[in-house]
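The first residue of the sequence shown is numbered 1, and numbering continues consecutively from there.
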Amino acid sequence: AADGARWKLSQAGVVSVKQFGAKGDGVTDDTAAVQSACDAAGLLFVPAGTYLLSSRITVSDRPFMLYGGGKEVSVLLWSGIAGGFAFSDATGRESATRSPCTLRDLSIVTSQAGGGTALEFDYSADAPGSVYGDATTVTLNNVDIRGDDFYEVGATSYWTVNLHLIDAGGVSVDNARILGMQNGPSTTTGILIEGQQGYSIRYLLSKLHVQWVFWALKIVVPAAYTVEGVYLSQFEFVGVGYGVHVSGGMLHACEITTGHIDAENGCVVYEQNCYGSTALKLASCYLQLGNKRTGAYSSGAHISLPGVNHSTITGNYFLAAPAGSGVTHDGVLLKSTDYSVVDCNDFQNQNGAAIGFVTDGVHSDCVGSYAGLGNTFQGVTTELVNSNTITSAMLKRPKNFSSAWAPGTIAANSSATTLISLGGVLPGDPVQVSHTGMVASSCLISSYVTAPGQIEVIIFNNSGSPQAIGAGNAVGTVGGVV
């Protein structure tokens, strides 16, 4: 070792980067010492200090753990554009033989504007087509990833990609913070899950804080394979462009629970090429279309799902921009998405459609999907849009109406009609109606929705003589199964 220590004798205990000459004084370039330590040891400790690094640190093809004394005291600081830590593995022909890598209790920091990729874990050289996930590959715990001036006014330092997982699977990320730069470029990414050569399974992400990046969690799926099992819980994505963004291919079994997304462009968005994805569960989240990243609102939808079948969206709070913001915000858009449920959510300020059952422009209508009676709406322009020509089972919150109407005398075998305006109702919605002036009358009363927002009430005299209907109110309820 550079300091004369007999590091080989300490392998049963602690091997430190300082035993290879690293100073940790924030001034000395420790790149060579840290790289030498990583080459020599599989379990490596980073004592308290700031370790200045000028190029990427790499480890490959063997189990490895790098740990510090805490993310506030053990800091790896890169001063070059091509910085960060990269781990790759080409040894595992089956997932059980893949080399795991663990980082914990330290900070990964850059002093550059666009410092490259902070952490990269690349398993794409393993056997193409293998199903990855039944063994743990990557573990991150208690790690900060940020620019060195994040906490200062006018900060300019940030990583372009903070955490890049390539064909990883079997990933656990817990208690991590990713901090970008306010109003930074649209290339910045918090966590990038990318499939390239095979199926990728099991990503456990919890207690995350991601702030001021464009893509908080970006999932890119290879068209020939799938990503399966992304579980996100107890998280904060604040001041981002997109919260969760999926593209490229099919993602199956994505669960997003107990978290907060404040995004400018969309909270959870699947692109059209994800059609055929299944089983999104979104529950107990606060989802806001805000303006914290750039200071400006953008048009978009909280949730956009083209063909993401068997999905459940329940118990969430959706907050759109306030009136007068000059943008259009939709709530939940199910596009050709079948057998899915939207229920017990609270929608506020959406000036587009709070809930939309529409086609994606390519595939057929939604089938077997519904919006439940538990949804509530405040300051919403249109509660439910159903553009399907094939009727999908949709439940709506009942809407009551009462409208003054004096039908007068109705001739035998004739009828009287009136039109009532009621926002949010659609043709096909069932209507129950009565009239307070129909006392001991021999007439029949019926009603139906003739056009969006319009109800027609009809009183038909099926007796053999004229019938007088006094002044009163047409009273009823719209709602039920469409």
Side-chain angles (χ1 to χ4, degrees), residues 1-3 5-26 28 30-53 55-78 83-89 98-110 115 117-123 135-146 148 159 162-165 168 170-179 190-191 203-209:
D3 63 356
R6 299 179 64 187
W7 71 269
K8 291 184 179 180
L9 297 180
S10 69
Q11 283 186 318
V14 176
V15 179
S16 166
V17 294
K18 288 198 171 183
Q19 293 172 266
F20 293 81
K23 300 299 184 184
D25 58 10
T28 304
D30 287 327
T31 306
V34 172
Q35 184 64 67
S36 295
C38 290
D39 291 342
L43 179 61
L44 187 60
F45 177 56
V46 181
T50 298
Y51 298 83
L52 185 63
L53 306 169
S55 61
R56 175 173 275 198
I57 301 298
T58 61
V59 177
S60 62
D61 299 335
R62 57 190 172 85
F64 183 75
M65 175 185 284
L66 184 68
Y67 67 102
K71 60 187 180 182
E72 304 300 332
V73 297
S74 297
V75 179
L76 301 180
L77 171 61
W78 274 269
F85 173 86
F87 180 88
S88 61
D89 183 67
R98 306 177 87 197
S99 299
C101 183
T102 298
L103 271 68
R104 62 178 177 85
D105 301 320
L106 45 76
S107 288
I108 307 296
V109 181
T110 181
T117 299
L119 297 176
E120 180 180 277
F121 300 90
D122 186 354
Y123 289 83
T136 298
T137 55
V138 178
T139 301
L140 296 184
N141 182 261
N142 197 36
V143 173
D144 268 11
I145 309 172
R146 59 178 174 83
D148 67 332
W159 295 101
N162 290 269
L163 173 59
H164 193 182
L165 301 163
V171 171
S172 176
V173 180
D174 184 70
N175 194 29
R177 289 194 305 178
I178 294 174
L179 308 173
I191 300 174
Y203 294 83
L204 309 179
L205 314 173
S206 65
K207 302 182 184 69
L208 305 183
H209 179 95

*Asks:* Sequence neighbours left out, what passes salt bridge (Lys or Arg N to Asp or Glu O under 4.0 Å) with Arg104? Give chain and number order.
*Replies:* none
*Asks:* Is there a donor-acceptor contact under 3.5 Å from the side chain of Tyr123 to the main chain of Ser99?
*Replies:* yes
*Asks:* Using 0.5 Å steps for rounding, measure from the SG atom of Cys101 to the CG atom of Asp122.
*Replies:* 12.0 Å
*Asks:* Minimum heavy-atom separation for Asp89 to Arg62, with atom names?
*Replies:* OD1-N, 4.4 Å
*Asks:* Identify the two heavy atoms, one from Val59 and one from Cys38, that lie closest to each other, and give their separation to 0.1 Å.
*Replies:* CG2-CB, 3.8 Å
*Asks:* Quick one about Asp25 and Thr28 (side-chain donor to acceptor, distance below 3.5 Å, no hydrogens or angles considered), yes or no?
*Replies:* yes
*Asks:* Which atoms form the tightest heavy-atom contact between Ser16 and Phe20, and what is the distance?
*Replies:* O-CD1, 3.5 Å
*Asks:* With heavy-atom distances below 4.5 Å as the criterion, would you say the side chains of Asp144 and Glu72 are in contact?
*Replies:* yes
*Asks:* Taking side chain as C-beta onward, heavy atoms only, is Val173 less than 4.5 Å from Leu163?
*Replies:* yes
*Asks:* What is the minimum heavy-atom distance between Thr31 and Ser55, and which atoms define it?
*Replies:* CG2-OG, 3.3 Å
*Asks:* Ile191 versus Ile178: any side-chain heavy-atom pair under 4.5 Å?
*Replies:* yes
*Asks:* Using modelled atom types and a 3.5 Å cut-off, is there a donor and acceptor pairing between side-chain atoms of Ser88 and backbone atoms of Ser60?
*Replies:* no
*Asks:* Could you tell me which non-hydrogen atom of Gln35 sits nearest to which non-hydrogen atom of Arg56, and how far apart they are?
*Replies:* OE1-O, 3.9 Å
*Asks:* Report the C-alpha distance between Asp30 and Lys23 in whole Å, list the side-chain angles of each, state the deciding distance to 0.1 Å, and finish with yes or no for salt bridge (charged side-chain N to carboxylate O under 4.0 Å, His left out).
*Replies:* CA-CA 7 Å; Asp30 287 327; Lys23 300 299 184 184; over 6 Å; no
*Asks:* Might you work through the side chain to side chain contact (heavy atoms under 4.5 Å, CB included) test for Ile108 and Trp78, ending with a clear yes or no?
*Replies:* CA-CA 8 Å; Ile108 307 296; Trp78 274 269; 3.6 Å; yes
*Asks:* Would you sort out whether Val15 and Leu43 count as a side chain to side chain contact (heavy atoms under 4.5 Å, CB included), showing the intermediate values?
*Replies:* CA-CA 7 Å; Val15 179; Leu43 179 61; over 6 Å; no
*Asks:* For the CZ atom of Arg98 and the OG1 atom of Thr136, what is their distance to the nearest 0.5 Å?
*Replies:* 11.0 Å
*Asks:* With a 4.5 Å cut-off on side-chain heavy atoms, are Val143 and Asn141 touching?
*Replies:* no
*Asks:* Find the distance between CZ (Phe64) and CG (Asp39) and round it off to the nearest 0.5 Å.
*Replies:* 9.0 Å
*Asks:* For Leu119 and Asn162: C-alpha separation, side-chain torsions, deciding distance, then whether side chain to side chain contact (heavy atoms under 4.5 Å, CB included) applies.
*Replies:* CA-CA 6 Å; Leu119 297 176; Asn162 290 269; over 6 Å; no
*Asks:* Taking the six-membered ring for Trp and the full ring for Phe, Tyr or His, determine whether the centres of Phe45 and Tyr67 are under 6.0 Å apart.
*Replies:* yes
*Asks:* Output yes when a side-chain donor or acceptor of Arg146 lies under 3.5 Å from a complementary backbone atom of Trp159, and no otherwise.
*Replies:* no
*Asks:* Is the shortest heavy-atom distance from the side chain of Thr139 to the side chain of Met65 under 4.5 Å?
*Replies:* no
*Asks:* What's the shortest heavy-atom distance between Ser206 and Asp174, and which atoms?
*Replies:* OG-OD1, 2.6 Å
*Asks:* Is there side-chain contact between Val171 and Leu204, with heavy atoms separated by less than 4.5 Å?
*Replies:* no
*Asks:* I want to check something: taking the side chain as every heavy atom from C-beta on, are Val109 and Leu76 in contact at a cut-off of under 4.5 Å?
*Replies:* no
*Asks:* Apply the test side chain to side chain contact (heavy atoms under 4.5 Å, CB included) to residues Leu103 and Phe121: give CA-CA distance (whole Å), side-chain angles for both, the deciding distance (0.1 Å), then the verdict.
*Replies:* CA-CA 11 Å; Leu103 271 68; Phe121 300 90; 4.3 Å; yes
*Asks:* Are Leu77 and Asp148 side-chain neighbours, meaning at least one heavy-atom pair lies under 4.5 Å?
*Replies:* yes
*Asks:* Let me confirm one number: the CG-CZ distance from Asp61 to Phe87, rounded to the nearest 0.5 Å.
*Replies:* 7.5 Å
*Asks:* Report the distance from atom CZ of Arg177 to atom CG of Asn142, rounding to the nearest 0.5 Å.
*Replies:* 9.0 Å
